[in-house]
Amino acid sequence: MRRKLFCLMVMAALLVSLALSQETTMDPYSDPIPANADVIGVSFVEFATLPDIEDRAARMMTMLDEPATSRLFVSDMRGPIYSISYDGKNVATYLDVNDAKWGVGVQSAGGERGVQSFAFHPQFAEAGAPGFGKLYIYVDTDNTSRPPDFTPGEAEATHDTVLLEWTAKNADAAIYDGDAPRELLRFHQPFRNHNAGHLSFNPLASPGDADFGLLYMGVADGGSGGDPLNLSQNMKSGFGKIFRIAPFGSNSANGNYGIPTDNPFVGDDDVLGEIYALGVRNPQRFGWDSKNGNMYVADIGQNIVEEVSPVTAGANLGWNTWEGSFQFVSRRAVRLDEQRGDSAMTYPIAEWGQPDPLLQPQSAATGVRVYREGPISQLMDLILFGDLPSGEVFYIHADNPGEGRQSAIRRVLLKDDGELKTLLQLIQAKNVEQGKEPAKRADMRFGTGPDDQMFLINKRDGVIRLLIPDSE
């Protein structure tokens, strides 16, 4: 009798194991992204080139327009922030965050650490305004001697990530002329990968709006893989969140910044007031739709699913319970049987599987640009996003984004001598011209310019490319 019972238990366990294996996968999409359907070809020019550092191409991370001073700015993760004239002809160092006189000590080893992002206050060039001369920089540092504002629990710090406020005395100065920065907040990082994210003021907010002058910042889950410390869903942890803070306020725990009173969790003693949204893994880039004010984030996935998701006040994007639309199991599996199974979660408007043949083994989402008023007609009313390593640019329709169907994603390719090419192909050709070994990956991001210009930046050839209408 006992033997029969034992056999039945073994069979039941095998059946459960078999059922679970059938419900989990590393490739939730059987149909690949269409490689040739509805492809949009866009012309471009090589707009400007940043200098190498020690024979290595600039590791471009963020590119912004500062309209009041008629300059573009772009960062190299190793420390320099360059100014670029609107015609692309003049490139100069505006501020080197790693200069010893600032005492920051940029940690830029590996592929993911360094100057993560920066943002100009919307009043940067408005003399007498509170935001005059204010520049915010989000950076990894070796200097871990100061007490952190956010820790991953008992885990030992590998380095820190800090948010710094710099104040220029003259907004039009060719070189930053202010004093050392003021530190607003500091994270102890438990691992060396995906530690930070994007930094931005809402470009649609005007003086008098509730959102004007409030700074959004993406905070990754601390690194490693799978969120091993379970921080993203921990409402008392700052990791795995999107913050919304008031740089000039003082009601934070450290008194160095403010927590807006209309943040979604203010008043709840069990939740950090800084949190605007939660459940993100590596929120590298976010952007707003100028037509309706919608906010979207490109969140890098864990080996299987990449996503672009809407962000609203109090939204939970699911990580690490969900990877995109699918229940997260491990670095090697998601469950298929409960797709979008929790109505309390916010799911992607676009997602794709990392095993897709267009991509490299470790895909990573980037973006997000909602193209409404730019000069390139074929991109109008599209949500543009992409894949960091491969340099693929993708789109879906902004007015009907759908619910994350991979089959809805289409490609944007670049016109070069009568051929349509990926950014990586262009980079590889440029590397040959430079006498360098062709890059194996692009590490692409988008940049913005005056009159809704759109740029493509990368970490492999130092070239900034401007997308242009065909007639130019």
Side-chain angles (χ1 to χ4, degrees), residues 29 33-35 37-42 44 62-64 197-198 200 202-204 216 218 242 277 280 282-301 305-312 315 317-318 324-325 340 346-354 356 358-359 363-388 390-414 422-423 444-449 451-457 466-467 469:
Y29 291 105
I33 297 171
D38 305 317
V39 171
I40 292 177
V42 177
F44 72 94
T62 304
M63 183 176 183
L64 300 175
H198 192 38
S200 181
N202 183 346
L204 307 179
Y216 289 79
I242 294 176
V280 292
N282 191 357
Q284 276 287 305
R285 289 294 179 267
F286 46 79
W288 285 262
D289 185 340
S290 61
K291 181 177 180 180
N292 52 35
N294 290 345
M295 180 181 176
Y296 300 103
V297 63
D299 192 17
I300 296 176
V305 178
E306 299 300 314
E307 66 182 270
V308 175
S309 298
V311 180
T312 56
L317 278 64
S325 294
R340 295 179 180 252
T346 296
Y347 294 105
I349 57 164
E351 64 183 341
W352 60 100
Q354 285 198 11
D356 191 275
L358 286 176
L359 308 176
S363 176
T366 189
V368 177
R369 171 72 181 270
V370 185
Y371 201 92
R372 293 292 192 182
E373 300 175 353
I376 304 171
S377 59
Q378 59 265 48
L379 299 182
M380 200 65 64
D381 299 325
L382 301 179
I383 299 176
L384 301 169
F385 52 96
D387 175 61
L388 292 173
S390 69
E392 288 279 352
V393 180
F394 298 125
Y395 73 89
I396 59 173
H397 293 280
D399 294 321
N400 184 26
E403 296 182 345
R405 300 181 308 276
Q406 178 170 289
S407 60
I409 296 174
R410 297 293 186 267
R411 303 170 77 192
V412 176
L413 296 175
L414 304 173
T422 65
L423 177 62
M444 173 196 70
R445 285 167 178 83
F446 298 165
T448 58
D451 301 319
D452 296 299
Q453 289 176 322
M454 180 170 173
F455 296 89
L456 300 181
I457 61 176
L466 170 64
L467 304 187

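- Separating the CG atom in Leu384 from the CD1 atom in Ile376 is a distance of 9.0 Å, to the nearest 0.5 Å.
- Inter-residue side-chain proximity for Asn294 and Pro310 is flagged as unmet; no heavy-atom pair is nearer than 4.5 Å.
- In this structure, the side chains of Val370 and Ser290 stay at 4.5 Å or more apart for every pair of heavy atoms.
- Considering only heavy atoms from C-beta on, His198 stays 4.5 Å or farther from Val297 through its side chain.
- The closest side-chain donor-acceptor pair between Asp451 and Gln453, if any, does not fall under 3.5 angstrom.
- Proximity of a side-chain donor or acceptor of Glu307 to a complementary backbone N or O of Gly324 within less than 3.5 Å is detected.
- In terms of modelled atom types and a separation under 3.5 Å, the side chain of Asn282 and the main chain of Asp299 share no donor-acceptor contact.
- Here the shortest heavy-atom pairing between Leu317 and Ser309 reads CD2-CB, 3.7 Å.
- In summary, Lys291 and Asp399 engage in a salt bridge, as defined by a charged side-chain N under 4.0 Å from a carboxylate O.
- In the model, Ser200 has no side-chain atom that pairs as donor or acceptor with a side-chain atom of Arg285 under 3.5 Å.
- Ring geometry, Phe385 versus Phe394: the interplanar angle falls from 30° to 60°, so the pair is classed tilted.
- No donor-acceptor distance shorter than 3.5 angstrom exists from the side chain of Asp38 to the backbone of Arg410, with no hydrogens or angles considered.
- Between His397 and Asp381 there is no side-chain heavy-atom pair separated by less than 4.5 Å.
- For Gln378, the CD atom sits in a packed shell: over 12 heavy atoms of surrounding residues, nucleotides or ligands are nearer than 6.0 Å.
- Shown here are the salt bridge (Lys or Arg N to Asp or Glu O under 4.0 Å) partners of Asp289, two or more places apart in sequence or in another chain: Arg372.
- The closest donor-acceptor contact from the side chain of Asp387 to the backbone of Ala365 lies at 3.5 Å or more, if one exists at all.
- The shortest non-hydrogen separation linking Ser390 to Leu359 is OG-CD2, 3.8 Å.
- No side-chain donor-acceptor contact under 3.5 Å links Tyr216 to the backbone of Phe286.
- Taking all atoms of both residues into account, the shortest heavy-atom contact from Pro469 to Pro375 is CG-O, 3.3 Å.
- For the pair Thr448/Met63, no side-chain contact is recorded, criterion being any heavy-atom separation below 4.5 Å from C-beta on.
- For the salt bridge (Lys or Arg N to Asp or Glu O under 4.0 Å) test, residues two or more places apart in sequence or in another chain that qualify with Arg411 are Glu392.
- Residues Phe446 and Leu456 are in side-chain contact: their nearest non-hydrogen atoms beyond the backbone lie under 4.5 Å apart.
- A distance of 4.5 Å separates CD1 in Ile300 from CD in Gln284, rounded to the nearest 0.5 Å.
- Interatomic distance, CD1 of Ile409 versus CD of Glu306, reported as 10.5 Å (0.5 Å rounding).
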Point to revise | Residues Thr312, Met295; criterion side chain to side chain contact (heavy atoms under 4.5 Å, CB included); working and verdict | key: CA-CA 7 Å; Thr312 56; Met295 180 181 176; over 6 Å; no
Check your understanding: Stepwise, does the side chain to side chain contact (heavy atoms under 4.5 Å, CB included) test hold for Trp352 with Val308?
Key -> CA-CA 9 Å; Trp352 60 100; Val308 175; 4.3 Å; yes
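- What you find for Ala350 and Ile396 is that their closest heavy atoms are CB-CD1, 4.0 Å.
- Between Tyr29 and the options Gln406, Glu351, Arg405, a side-chain hydrogen bond (donor to acceptor under 3.5 Å, both in side chains) holds for only Glu351.
- Here the side chains of Ile40 and Leu379 are in contact, with some heavy-atom distance below 4.5 Å.
- Using modelled atom types, one side-chain atom of Gln354 and one backbone atom of Ser363 make a donor-acceptor pair closer than 3.5 Å.
- With no hydrogens or angles considered, a side-chain donor-acceptor pair links Arg340 and Ser325 at under 3.5 Å.
- For the residue pair Val412 and Tyr395, the shortest heavy atom distance occurs at CG2-CD2, 3.7 Å.
- Within the 4.5 Å cutoff, no side-chain heavy atoms of Ile457 are placed close to those of Thr62.
- For the pair Thr422 and Leu413, the tightest heavy-atom approach, listed with the atom from each and the gap, is CG2-CD2, 3.9 Å.
- Distance CG/Leu467 to CZ/Phe44: 9.0 Å, rounded to 0.5 Å.
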